[in-house]
Number of protein chains: 2
Amino acid sequence: MPTDPLSATFSALADPTRRAILARLALGETSVSELAEPFAMSMPAISKHLKVLEHAGLIARSRDAQWRPCRLEPAAFKTVDAWLDRYRRFWEARFDRLDAYLQNLQAAEAAPQKRTRTKKKPSK
Amino acid sequence: MPTDPLSATFSALADPTRRAILARLALGETSVSELAEPFAMSMPAISKHLKVLEHAGLIARSRDAQWRPCRLEPAAFKTVDAWLDRYRRFWEARFDRLDAYLQNLQAAEAAPQKRTRTKKKPSK
DNA sequence: GCACTATTTTACCAATAAGTTAAATAACGG
DNA sequence: CCGTTATTTAACTTATTGGTAAAATAGTGC
């Protein structure tokens, strides 16, 4: 299973149950059964979700007697944020002409000729 | 297929090929064949990836003669950022005692009794 | 209309994911 | 030790995903 870490993380986030688990964990560390409580789903299912989240680096687990408390793990969140950051300037183009201009400029450089055949249908 | 939009978006991002396509599109709008070029993959495969990205709200497609130029669509990126933002305070805990303190406080409130049985093994 | 280019659709396959139930493990507490 | 609680593993089912090759569709240009 040579899936790259970032894919594993996004994949883990692509499930409402898992995101709900993360939301709960944002309130603080807690046990598996407590995490499972709000869901109409068997324990093993939750256990699997937690394994996915752990493998994705989004949570970490420790041991306390027969409980396995889970907590959020910042690293993966940071990674996602860093990835997203490369696109931030893109959606934060606040009616900024310059931004659009630069974007088009880069587009022109990146995709040069190749379209020197025809441009648009003339009129009809 | 009633998958919620955010799941669809994260799911779309959970693939290196699709992320590479987005990276290319960050340089500017371009055609399907040009997007396909760097990949050792058939056209239909790329076409499917684009459909996934479009359905996820990450790109939009227009028509220009027989080309179907693709471009980034800010909306879905924004949504992901907004989701992530709820966790930002979590990983930006800059050695801030207060942050940890608040987090534990919330944890205590969120997970009250329930663990009134035993606490820790005494000493051995 | 015909040949050509760009792209999508269809039909198929193998691998993975998400859930299930039943059984196994781990740790406590008397 | 035994019974109980918490959690995971195993085995299985079904649906989805990512890829393929071959055929269909859409638009251009002579």
Side-chain angles (χ1 to χ4, degrees), chain A residues 1-4 7-21 29-37 39-56 59 61-70 111 113-124, chain B residues 1-4 7-21 29-37 39-56 59 61-70 111 113-124:
Chain A
M1 33 300 290
T3 312
D4 65 292
S7 295
T9 301
F10 277 128
S11 182
L13 294 176
D15 181 291
T17 303
R18 286 194 291 259
R19 290 198 305 277
I21 289 175
E29 180 166 325
T30 193
S31 72
V32 177
S33 6
E34 185 142 330
L35 284 173
E37 211 230 309
F39 303 102
M41 199 178 292
S42 69
M43 274 304 241
I46 300 293
S47 196
K48 277 190 184 183
H49 280 307
L50 292 175
K51 192 182 282 187
V52 171
L53 288 168
E54 182 179 31
H55 182 245
I59 69 170
R61 293 195 268 186
S62 38
R63 178 178 277 288
D64 172 9
Q66 63 256 211
W67 292 272
R68 313 292 308 272
C70 303
Q113 47 282 77
K114 275 245 163 170
R115 296 280 300 290
T116 22
R117 341 176 88 254
T118 11
K119 275 296 159 185
K120 283 279 176 191
K121 33 180 121 176
S123 61
K124 180 6 152 4
Chain B
M1 25 321 276
T3 313
D4 66 291
S7 296
T9 301
F10 277 128
S11 181
L13 294 175
D15 182 291
T17 304
R18 287 195 288 260
R19 290 198 305 277
I21 289 176
E29 181 165 323
T30 193
S31 72
V32 176
S33 6
E34 184 143 329
L35 284 174
E37 210 229 310
F39 304 102
M41 197 178 295
S42 68
M43 273 304 237
I46 300 293
S47 196
K48 278 190 186 184
H49 281 308
L50 292 175
K51 192 181 283 189
V52 171
L53 288 169
E54 183 179 30
H55 181 246
I59 69 169
R61 294 194 270 187
S62 38
R63 177 176 280 290
D64 173 9
Q66 62 254 215
W67 294 272
R68 312 292 307 274
C70 303
Q113 46 281 80
K114 275 244 161 172
R115 293 279 297 290
T116 20
R117 345 177 83 254
T118 10
K119 275 296 160 187
K120 283 281 178 191
K121 33 180 121 178
S123 59
K124 168 58 145 322

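Just so it is clear: chains get the letters A, B, ... in the order the sequence lines come, proteins before strands, and each one is counted from 1. Worth saying up front: this structure is predicted, and the values here are computed from it rather than measured.
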Residue [X], side-chain atoms from C-beta onward, closest of [options]:
{"X": "Arg63(B)", "options": "dG27(D), dT20(D), dT21(C)", "result": "dG27(D)"}
{"X": "Gln66(B)", "options": "dT20(D), dT8(D), dT28(D)", "result": "dT28(D)"}
{"X": "Asp15(B)", "options": "dA6(D), dG18(D), dT8(D)", "result": "dG18(D)"}
{"X": "Pro44(A)", "options": "dT7(C), dT20(C), dA27(C)", "result": "dT20(C)"}
{"X": "Ser42(B)", "options": "dT20(D), dT8(C), dG19(C)", "result": "dT20(D)"}
{"X": "Arg68(B)", "options": "dG27(D), dT8(C), dT7(D)", "result": "dT8(C)"}
{"X": "Ser47(B)", "options": "dA18(C), dT7(D), dT8(C)", "result": "dT8(C)"}
{"X": "Met43(A)", "options": "dT8(D), dT7(C), dT20(C)", "result": "dT8(D)"}

Atom-to-atom span, [atom1] of [X] to [atom2] of [N] - whole angstrom:
{"X": "Leu50(B)", "N": "dA6(C)", "atom1": "CG", "atom2": "P", "value": "15 Å"}
{"X": "Leu13(A)", "N": "dA17(C)", "atom1": "CG", "atom2": "C1'", "value": "16 Å"}
{"X": "Ile46(B)", "N": "dG19(D)", "atom1": "CD1", "atom2": "P", "value": "8 Å"}
{"X": "Leu35(A)", "N": "dA6(D)", "atom1": "CG", "atom2": "P", "value": "13 Å"}
{"X": "Trp67(A)", "N": "dT5(D)", "atom1": "CH2", "atom2": "C1'", "value": "7 Å"}
{"X": "Asp64(A)", "N": "dA6(D)", "atom1": "CG", "atom2": "C1'", "value": "11 Å"}
{"X": "Phe39(A)", "N": "dT20(C)", "atom1": "CZ", "atom2": "C1'", "value": "18 Å"}
{"X": "Ile21(A)", "N": "dA18(C)", "atom1": "CD1", "atom2": "C1'", "value": "13 Å"}

*Keeping the roles fixed (side chain from Arg18(A), backbone from Ala12(A)), state whether a donor-acceptor pair exists under 3.5 Å.*
yes
*Ala8(B) and Thr3(B): which non-hydrogen atoms are nearest, and at how many Å?*
N-CG2, 4.2 Å
*Determine the minimum heavy-atom distance between Ala14(A) and Ser11(B), stating which atoms define it.*
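Heavy-atom minimum between the residues: CB-N, 3.3 Å.
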_Check: Arg19(B) and Asp4(A) side chains under 4.5 Å, non-hydrogen atoms_ =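 Side chain of Asp4(A) against side chain of Arg19(B), heavy atoms only: contact under 4.5 Å found.
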Any [X] side-chain N or O less than 4.0 Å from OP1/OP2 of [N]:
{"X": "Lys51(A)", "N": "dT7(D)", "answer": "no"}
{"X": "His49(B)", "N": "dG19(D)", "answer": "yes"}
{"X": "Arg61(B)", "N": "dT7(C)", "answer": "no"}

*Assign Lys48(B) to base, sugar-phosphate, or nothing according to its heavy-atom contacts below 4.0 angstrom with the strands shown.*
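Lys48(B): base contact, heavy atoms under 4.0 Å.
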_As an exercise, state the distance from CG of Leu53(B) to OG1 of Thr17(B), rounded to the nearest 0.5 Å._
10.0 Å
